[in-house]
Engineer: 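Quick one: the structure is below, questions incoming.
Quantities reported herein were computed from a predicted structural model and do not represent experimental measurements. Keep in mind that the numbers below use all heavy atoms, side chains included, and drop hydrogens, waters and symmetry copies.
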Amino acid sequence: PGFKSDGTEFAAEAVRRGASLVVAERDVPGVPTAVVGDARTALAALAVQVNGDPSGSMRVYGVTGTNGKTTTSYVLYGILAGAHGERECGLMSTAEIIAGGERRPAVRTTPEATKVQGTLARMLASGVRRVVMEVSSHGVALRRVAGTSFAGAIFTNLTRDHLDLHGSME
């Protein structure tokens with residue numbers, strides 16, 4: 001289920017285009033379906049496994065909080081790159097993705113689990129061993145980083161922003 005539509009509405013078309021199985025929270029008639037309790041958690045677990053659990057072979061540092069994530073991420077990345085070399089360090093932020101000194105624009109603060117794990121796998125393959133990842137509260141709530149092994153985390157602060165998604169400060 002998504003915010004605007006249910007992905008199972010597109011299951012038959014996905015199978016027609018070559019998908020061999022749909023993972024969903026309910027059975028989809030006429031489509032081979034693996035029914036799971038939580039599709040986002042299943043997606044994250046599948047993404048970790050398909051990409052060979054890249055964070056298990058890296059030191060990933062998450063930075064979360066309402067404000068200051070990007071600045072804090074860049075500062076920590078700078079410290080790590082200075083200590084270990086730019087080739088061994090990566091950054092996934094709102095502004096950009098840096099891997100081994102190469103830069104490309106980012107699409108969102110914390111992309112879907114498939115993109116997170118795919119990016120970590122590409123970083124690992126290129127020799128990156130330490131990654132600073134900016135992690136939004138949406139990314140945590142929507143399980144986009146579920147299954148990622150974090151070596152450490154920084155929590156910057158908490159304000160009332162994003163209560164539309166979270167419901168309360170608790």
Engineer: When you measure from the side chain of T33 to the backbone of V35, do you find a donor-acceptor pair of N or O atoms at a distance under 3.5 Å?
Structural biologist: no
Engineer: Carefully, step by step, assess R108 and T94 under the rule side chain to side chain donor-acceptor pair (under 3.5 Å).
Structural biologist: CA-CA 6 Å; R108 65 171 48 113; T94 299; over 6 Å; no
Engineer: If I take atom CZ from residue R59 and atom SG from residue C89, how far apart are they, to the nearest 0.5 angstrom?
Structural biologist: 11.5 Å
Engineer: Looking at side-chain heavy atoms only, is the closest gap between Y61 and L76 below 4.5 Å?
Structural biologist: yes
Engineer: Quick check on R129: does its CZ atom have over 12 non-hydrogen neighbours (other residues, nucleotides or ligands) under 6.0 Å away?
Structural biologist: yes
Engineer: Side-chain heavy atoms nearer than 4.5 Å, only ILVMFWY residues, links allowed to pass through others: does that put L124 and V131 together?
Structural biologist: yes
Engineer: Any link between L120 and V132 through a network of hydrophobic side chains (Ile, Leu, Val, Met, Phe, Trp, Tyr) touching at under 4.5 Å?
Structural biologist: no
Engineer: What are the two closest heavy atoms between A113 and A44, and how far apart are they?
Structural biologist: CB-CA, 3.7 Å
Engineer: For the atom pair CG (L142) and CG (L43), what is the distance rounded to the nearest 0.5 Å?
Structural biologist: 11.0 Å
Engineer: Look at the side chain of R103 and the backbone N and O of G101, then say whether any donor-acceptor pair between them is shorter than 3.5 Å.
Structural biologist: no
Engineer: Keeping S73 on the side-chain end and S93 on the backbone end, is there a donor-acceptor pair under 3.5 Å?
Structural biologist: no
Engineer: Would a single hydrophobic cluster contain both F10 and V36, if residues Ile, Leu, Val, Met, Phe, Trp and Tyr are joined by side-chain heavy-atom contacts under 4.5 Å?
Structural biologist: no
Engineer: Kindly determine whether E9 and V28 satisfy side chain to side chain contact (heavy atoms under 4.5 Å, CB included), including the steps that lead there.
Structural biologist: CA-CA 9 Å; E9 296 171 21; V28 182; over 6 Å; no
Engineer: Just by modelled atom types, is the V135 backbone N or O under 3.5 Å from a matching donor or acceptor in the T64 side chain?
Structural biologist: yes
Engineer: G90 and Y77: which non-hydrogen atoms are nearest, and at how many Å?
Structural biologist: O-CD1, 3.6 Å
Engineer: Between E112 and K115, is there a side-chain N and carboxylate O pair less than 4.0 Å apart?
Structural biologist: no
Engineer: Taking all heavy atoms of A39 and all of E25, pick out the closest pair and write down the distance.
Structural biologist: N-OE2, 2.9 Å
Engineer: Ignoring hydrogens and angles, tell me if any N or O in the side chain of D38 forms a donor-acceptor pair with the backbone of T41 under 3.5 Å.
Structural biologist: yes
Engineer: Counting C-beta onward and ignoring hydrogens, is there a side-chain heavy-atom pair between L91 and I97 closer than 4.5 Å?
Structural biologist: no
Engineer: Same hydrophobic cluster for V116 and V140, using side-chain heavy-atom links shorter than 4.5 Å among ILVMFWY?
Structural biologist: yes
Engineer: Kindly give the heavy-atom pair with the smallest separation between Q117 and N51, and that separation in Å.
Structural biologist: CB-ND2, 3.6 Å
Engineer: Taking all non-hydrogen atoms of both residues, which atom of S55 and which atom of V60 are closest, and how far apart?
Structural biologist: CB-CG2, 3.9 Å
Engineer: Are L80 and I154 connected, step by step, through hydrophobic side chains (Ile, Leu, Val, Met, Phe, Trp, Tyr) whose heavy atoms are closer than 4.5 Å?
Structural biologist: yes
Engineer: Within the distance-only criterion (no hydrogens, no angle test), does the side chain of R130 pair as donor or acceptor with the backbone N or O of H84 below 3.5 angstrom?
Structural biologist: no
Engineer: Look only at the side chain of S136 and the backbone of G139, and say whether a donor-acceptor pair between them is shorter than 3.5 Å.
Structural biologist: yes
Engineer: With side chain to side chain donor-acceptor pair (under 3.5 Å) as the test, would you mind laying out the steps for E96 and Y74 before giving the verdict?
Structural biologist: CA-CA 10 Å; E96 65 184 331; Y74 273 94; 2.6 Å; yes
Engineer: Determine whether a donor-acceptor pair (N or O, by modelled atom type, separation under 3.5 Å) exists between the side chain of T148 and the backbone of V145.
Structural biologist: yes
Engineer: Please report the closest heavy-atom contact between S20 and P32, naming both atoms and the distance.
Structural biologist: O-CG, 3.5 Å
Engineer: Without swapping roles, check the side chain of D53 against the backbone of V48 for a donor-acceptor pair under 3.5 Å.
Structural biologist: no
Engineer: Which residue in the set R144, E134, M133 passes side-chain contact (heavy atoms from CB on, under 4.5 Å) when paired with T109?
Structural biologist: E134
Engineer: In Å, rounded to the nearest 0.5 Å, how long is the span from CD1 of I98 to CE of M123?
Structural biologist: 8.5 Å
Engineer: Are any side-chain N or O atoms of R122 and backbone N or O atoms of G118, one a donor and one an acceptor, separated by less than 3.5 Å?
Structural biologist: yes
Engineer: Hey, mind stepping through T156 and N67 against side chain to side chain contact (heavy atoms under 4.5 Å, CB included) and telling me if it holds?
Structural biologist: CA-CA 7 Å; T156 60; N67 300 301; 5.6 Å; no
Engineer: Is any side-chain heavy atom of I79 closer than 4.5 Å to one of V75?
Structural biologist: yes
